[in-house]
Structure formats: structure tokens, C-alpha cells
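Below is one structure, written out as C-alpha cells, with a few remarks after it.
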Amino acid sequence: MASLSLRGIYKKYPGGVVAVTDVNVEIKDKEFIILVGPSGCGKSTTLRMIAGLEEISEGELYIGDRLVNDIAPKDRDIAMVFQNYALYPHMTVFENMAFGLKLRKVPKDEIARKVEEAARILDLTHLLERKPKAMSGGQRQRVALGRAIVRSPQVFLLDEPLSNLDAKLRAQMRTEIAKLHKRLGTTFIYVTHDQTEAMTMGDRIVVMKDGYVQQIDTPQNLYLNPVNKFVASFLGSPQMNMIDAVLRQDPTNGLYYVEFGSADSKSSRGVKYTIVVPPEKATPQLASYVNKEVIMGIRPESIHDEPMYLQNATTGVVECTVEITEMMGAETYLYLNCEGIPLTSRVAPTSTARAQDTIKVVMDPYKIHLFDKETEVTIMN
């Protein structure tokens with residue numbers, strides 16, 4: 001098994017295009033790490049550089065304690081699972097899984113043992129004589145995984161392996177891959193643009209944007225303590241609400257509060273709302289933002305319409321118009337308009353709010369985030 005170290009990795013293409021800039025990531029042995037970000041952020045390019053399918057323009061890549069920049073892909077002891085499965089259509093499942101071992105001149109009895117063991121792990125034993133065209137997408141994906149498993153590589157690289165599957169199968173395969181990682185005890189590096197996959201599967205997540213690493217942390221820490229507005233809005237479904245606001249400080253008690261809403265001609269009522277920042281949540285740097293514009297972020301689950309919250313609220317109560325409601329079974333999403341500001345709230349399925357209703361909601365002051373308006377870096381989590 002192996003750890004990986006990416007030290008100052010760049011990928012530059014002719015014409016001055018830089019796809020990946022100064023990536024520094026330390027991946028522990030047996031870790032399940034996810035590279036996530038929107039299309040074009042450099043995550044697949046980074047994975048392909050680890051695999052040796054793309055040349056590293058600058059920086060050093062270590063697998064274990066071995067520098068592998070100039071080592072051929074076949075000698076890096078890694079296995080890659082692609083988005084499109086890349087199975088040979090004329091071969092059976094057994095032959096597809098055995099192909100890489102045959103090329104390495106592995107004895108026939110060992111090939112059979114390894115393929116049968118991988119088939120048992122992936123529930124493919126009854127399909128070994130089938131060809132890919134006679135199988136479902138989920139079964140083909142398991143064959144692609146099996147072909148990687150039989151090689152017993154030090155590192156598994158998975159490039160958006162579930163993106164061709166339907167939603168139900170994708171959820172099922174997420175669980176299967178997470179179990180597989182535990183069973184094999186191997187290092188997994190997994191690329192996805194789907195933040196749900198990232199949040200549910202990885203030990204740690206590398207969030208990328210425009211070729212730069214934005215933040216590396218556990219799913220929980222990324223969700224609760226994003227370093228900037230991009231990370232905050234990328235992770236979480238529905239997305240975090242972002243509200244233009246001004247930070248103020250009460251001269252009588254020194255408490256900070258966030259002011260938003262509108263008192264100009266565009267507003268129907270011209271109401272300004274405030275949320276007092278709990279003293280224990282305030283950070284020293286807030287002092288330099290007093291009377292300046294900031295962006296306030298709050299997640300949908302922290303905006304409540306239940307009477308219990310409204311009765312006990314001392315700050316953060318706002319009046320909104322309900323534009324749309326989405327019943328999701330276990331929860332309801334309310335799409336609201338508050339003084340021209342669109343808000344999404346995730347509430348209990350028992351909510352009585354309906355489209356066109358005017359309702360009051362309360363924003364939990366302990367759950368607000370503040371971001372610098374210009375740089376978008378986090379001021380307060």
C-alpha cells in the first residue's frame with residue numbers, strides 16, 4: 001500500500017494555458033480522498049498526472065518514497081477506473097478482468113483465483129461468461145472495478161466512475177465503493193463534480209476551482225468551516241444562501257450585527273432586517289469590517305418557520321413571500337423572496353407554508369457565515 005505526495009504540481013499546455021497550478025496534497029496510506037470541483041477545475045488533469053497519462057510540467061509526485069515523474073504508467077503500481085468503463089466488447093467479463101494479468105504473464109491458475117475472488121467481492125460470479133453489451137451500467141461499472149482489483153495495485157484512481165448511472169444506482173454504487181475501500185485497505189483517489197458523492201464517500205476532500213486547490217479537509221469541516229465563499233456555496237444541497245449585507249456595531253453594547261434588506265425604491269416595503277452576531281461567534285477581524293459591505297451566508301436548514309423557533313427568537317426574524325414549495329418526503333424546501341432577496345429554506349414536512357403565503361422565518365444567528373465582499377474569503381464561520 002502507499003501514500004502519495006503532490007508537491008508544487010503544475011500542468012501547462014502550449015499557448016500559455018495553465019490547467020493546474022501549484023497543487024500540494026499529502027495523501028495518507030489507505031486514505032479515501034476525493035477531488036471535487038466544477039467542470040474544468042483541473043481535477044481530472046491532476047488524476048491523469050498521478051496516473052502518468054499526462055506529463056507533469058512542474059513539481060514532484062511521490063508514490064510512497066519513490067519519485068515517479070518519469071516512471072511509465074504501467075510501472076507506477078496504480079489502477080484507474082474510467083467514467084466510460086473502457087471494457088472490451090468482444091470479451092467476456094472473465095476475460096475483461098483477466099486481461100491486464102495476462103499481459104503481465106501471470107500464471108493461469110493465479111489469474112483464475114484473482115478474478116474469482118474479485119467477482120465474489122463485487123457480486124459478479126454469475127456474470128463471468130457474459131459480454132458487456134448484455135449487462136446493465138451498474139454491472140459494467142463493477143466489472144471495471146474488478147479489472148482494477150485483480151491487479152492488487154497500491155493506489156486506485158477513479159475518474160467520475162458513477163456519472164453514467166441513474167440516481168438510484170449511483171447511490172447504491174457509492175455505498176459499494178465505500179465498502180470496497182474498507183475491505184481492500186488501499187489508497188483511493190476519486191474524482192467527481194458531484195458534491196453529494198464527495199461528502200458521503202471521502203475521508204478528506206480536495207476542493208478545486210480554476211486549477212487551484214481551495215481547501216483540503218474532512219467533509220464535516222468543509223461544510224461547517226469553509227475558507228471562502230466558493231467552498232461554502234459548492235458544498236451543500238440546496239446551496240448556501242448568499243445575502244449582500246452591511247456589518248454594523250452597536251455603540252452602546254459593542255455587539256456586532258448584520259443589516260440587510262432594502263430601504264430603496266426597488267423594495268415594496270423598504271424594510272431593513274438585522275441579525276445580531278452572538279458574542280462567542282464574533283472574531284477579532286470583524287472590527288475592520290464595521291460599516292462595510294459583506295456577504296452573509298446561511299444554509300437552508302438554518303432558516304426555520306416552526307412556531308417554536310419564532311417564539312424564542314430574539315434576532316433574525318424576517319418576513320418573506322413563499323414563491324414555490326417542494327415536498328421532498330422527509331423535508332420540504334421553501335423558495336422565498338425577502339425584500340427582493342431569494343432565499344431557500346429546508347423545513348419539516350409538516351410545514352403549512354404554501355405558494356403566495358406571506359410568512360415569517362427565523363435565521364439562526366449561530367449558523368451565519370460572513371465573507372469579504374471583494375476577495376470572498378471567510379471573515380467568520
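For clarity, every value in this text was computed on a predicted model and none was experimentally measured.
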Grab the two heavy atoms, one from Tyr13 and one from Glu54, that are nearest each other, plus how far apart they are. OH-OE2, 3.2 Å
Does a donor on one side chain and an acceptor on the other come within less than 3.5 Å for Arg299 and Asn241? no
Strictly distance-based, threshold 3.5 Å: is any side-chain N or O of Lys11 a donor or acceptor partner for the main-chain N or O of Glu55? yes
Arg346 side chain to Ser237 main-chain N or O, any donor-acceptor pair under 3.5 Å? yes
hydrophobic_cluster_shared for Ile298 and Phe371, side chain cutoff 4.5 Å: no
Do Asn228 and Gln214 have side-chain atoms, one donor and one acceptor, less than 3.5 Å apart? yes
Check the pair Glu319, Tyr273 against side-chain hydrogen bond (donor to acceptor under 3.5 Å, both in side chains), reporting the backbone distance first and the verdict last. CA-CA 9 Å; Glu319 193 169 272; Tyr273 291 113; 5.3 Å; no
Considering all heavy atoms, the nearest Ala134-Arg130 contact: O-NH1, 3.3 Å
For the CG atom of Asp22 and the CD1 atom of Ile9, what is their distance to the nearest 0.5 Å? 9.5 Å
Could you check whether the rings of Phe32 and Tyr190 sit parallel, tilted or perpendicular, using 30° and 60° as the cut-offs? tilted
Determine the minimum heavy-atom distance between Ala118 and Gly146, stating which atoms define it. CB-O, 4.2 Å
Applying side-chain hydrogen bond (donor to acceptor under 3.5 Å, both in side chains) to Asp159 and Ser44, what does each step give before you reach the verdict? CA-CA 7 Å; Asp159 191 4; Ser44 287; 2.9 Å; yes
N/O donor-acceptor pair under 3.5 Å between Asp203 side chain and Ile33 backbone: no
Hey, is the main chain of Pro38 close enough, under 3.5 Å, to the side chain of Lys43 for a donor-acceptor pair? yes
Will you find, in the side chains of Glu26 and Ser5, an N or O donor that is under 3.5 Å from an N or O acceptor? yes
4.5 Å side-chain heavy-atom contact, His369 and Met296: no
Validation row: Val258, Val277 side chains within 4.5 angstrom (heavy atoms): yes
Is it true that, when you exclude Lys367 itself, more than 12 heavy atoms of the residues, nucleotides or ligands shown sit nearer than 6.0 Å to its NZ? no
Hydrophobic clusters here meaning ILVMFWY residues chained together by side-chain heavy-atom distances under 4.5 Å, can you tell me if Met135 and Ile177 are in one? yes
From CD (Glu301) to OH (Tyr333), nearest 0.5 Å: 9.0 Å
Is it true that Arg142 and Glu176 make a salt bridge, defined as a side-chain N closer than 4.0 Å to a carboxylate O? no
Can you measure from CD1 (Ile205) to CG (Leu35) and round to the nearest 0.5 angstrom? 10.5 Å
Look at the rings of His90 and Tyr88 and say which category their plane angle falls in: under 30° parallel, 30 to 60° tilted, over 60° perpendicular. perpendicular
Close side-chain approach of Ser345 to Leu336, heavy-atom, < 4.5 Å: yes
Co-membership, hydrophobic cluster, residues Ile50 and Leu145, 4.5 Å side-chain: no
N-O pairing of Arg174 and Glu197 below 4.0 Å: no
Would Asp305 and Ser351 count as having a side-chain donor-acceptor pair, cut-off 3.5 Å? yes
Cluster question for you: counting only ILVMFWY and a side-chain heavy-atom cut-off of under 4.5 Å, with indirect links fine, are Val362 and Val347 together? no
Please round to the nearest 0.5 Å and tell me the distance separating atom OG1 of Thr45 and atom CE of Met208. 8.0 Å
Phe260 and Cys338: which non-hydrogen atoms are nearest, and at how many Å? CE1-SG, 4.5 Å
From the options Glu110, Glu117, Glu116, select the one residue that forms a salt bridge (charged side-chain N to carboxylate O under 4.0 Å, His left out) with Lys114. Glu110
Can you hop from Phe230 to Leu235 via hydrophobic side chains spaced under 4.5 Å? yes
Take Val155 and Asp77 through the side-chain contact (heavy atoms from CB on, under 4.5 Å) test and state the conclusion after the steps. CA-CA 7 Å; Val155 182; Asp77 200 10; over 6 Å; no
If you compare all heavy atoms of Thr325 against all heavy atoms of Ala355, which two are closest, and at what distance to 0.1 Å? CG2-N, 4.1 Å
With rounding to the nearest 0.5 Å, note down the distance linking CG in Leu370 to CG in Leu286. 6.5 Å
Do Asp250 and Thr252 have side-chain N/O donor and acceptor atoms under 3.5 Å apart? yes
Rounded to the nearest 0.5 Å, the CD1 atom of Ile295 sits from the CG atom of Leu247 at a distance of 13.0 Å
Check: Asp372 main-chain N/O paired with Thr375 side-chain donor or acceptor under 3.5 Å: no
